[in-house]
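So that the names make sense, note that chain A is the first sequence line, chain B the second, and so on, each numbered from 1.
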Amino acid sequence: MLVIRRRPGEAIRIGEDVEIEIIECGPKRVKLGIRAPKEVPVWRAETKAAREQNIAAAGWAGTGALPSLAHRPGWPGAPGIFAEVRRSRL
Amino acid sequence: MMLHTTHFGAIPVDESATIEFPEGLPGFESCRRFVPLESAGGPGLIFLQSLERQQLCFITLPLRSLWPDYELAISAEERDLLGLDPDQTQAPHDLVLLAILSFVEGEDPTANLLAPVVIHAGTRRAVQVVRQDGRYPIQTPLPVGEMSCS
């Protein structure tokens, strides 16, 4: 791993298009500013698992997801669940 | 407006019913607007239907209906995204927590309790909060036989 020391206000560049600026440095956290082209995704490392789980969760169609819920004891409304949807109370 | 969806066909959606994720969701950063739908046939699930991608719909359930003791700390940054007063440390009552369900063929469905969706019903803004502790797994089995609570 490459280790570089920087001060607030200084920056590093990755490739031609990505720049990371150290905006603020506190005792426990640093605040970074990231300039990158729109097509370069930037995300916090700890969201990686959440990201993968979201992608898996979004692919439920064709897994028999709703019928599997229908057969769960106590499940109230799965048969014909797609027959009608309405705005949630949320 | 009429929203064309892969799973529900064309449904009328009221502009005021939509929810905005200012940062999208991890993996779906460009999907900012969703509408929560529920089945008229039975209470329980809430479908988070994307306005930008007609095939994208998360199946969720209100988290506290199955895990009433679930607790979540919301950071200042997340509070800001939700449109909450950053100095307000007390969670307002109109925060709704949803768990996204996952389905794998031949396996029992699981709920993502590591990263719940938090919706502020007042501002209609939402954020998916990724917990920093390991208290709840990302694939939590659903308790059997307790799905009837609304």
(message) Strictly below 4.0 Å, N to O, side chains only: are A/Glu19 and A/Arg13 in salt-bridge contact?
(response) yes

(message) As a test of understanding, state which of A/Arg6, A/Arg35, A/Arg7, A/Lys31 forms a salt bridge (Lys or Arg N to Asp or Glu O under 4.0 Å) with A/Glu21.
(response) A/Arg35

(message) Looking at chain A, which one of B/Gly27, B/Ser50, B/Ala115 has the largest number of heavy-atom pairs inside 4.5 Å, strictly under?
(response) B/Gly27

(request) Identify whether the distance between the nearest side-chain nitrogen and carboxylate oxygen of B/Glu78 and B/Arg125 falls below 4.0 Å. (result) no

(message) Under a 3.5 Å threshold, yes or no: a donor from one side chain and an acceptor from the other, between B/Ser30 and B/Glu52?
(response) no

(request) For residues B/Phe8 and B/Phe47, establish whether the separation of their ring centroids is below 6.0 Å. (result) yes

(message) Check the orientation of B/Phe58 and B/Phe34. Use parallel for under 30°, tilted for 30 to 60°, and perpendicular for over 60°.
(response) tilted

(message) At under 4.5 Å between heavy atoms, what parts of residues 127-139 of chain B are in contact with chain A? List them by residue number.
(response) B/Gln128, B/Val130, B/Gln132, B/Ile138, B/Gln139

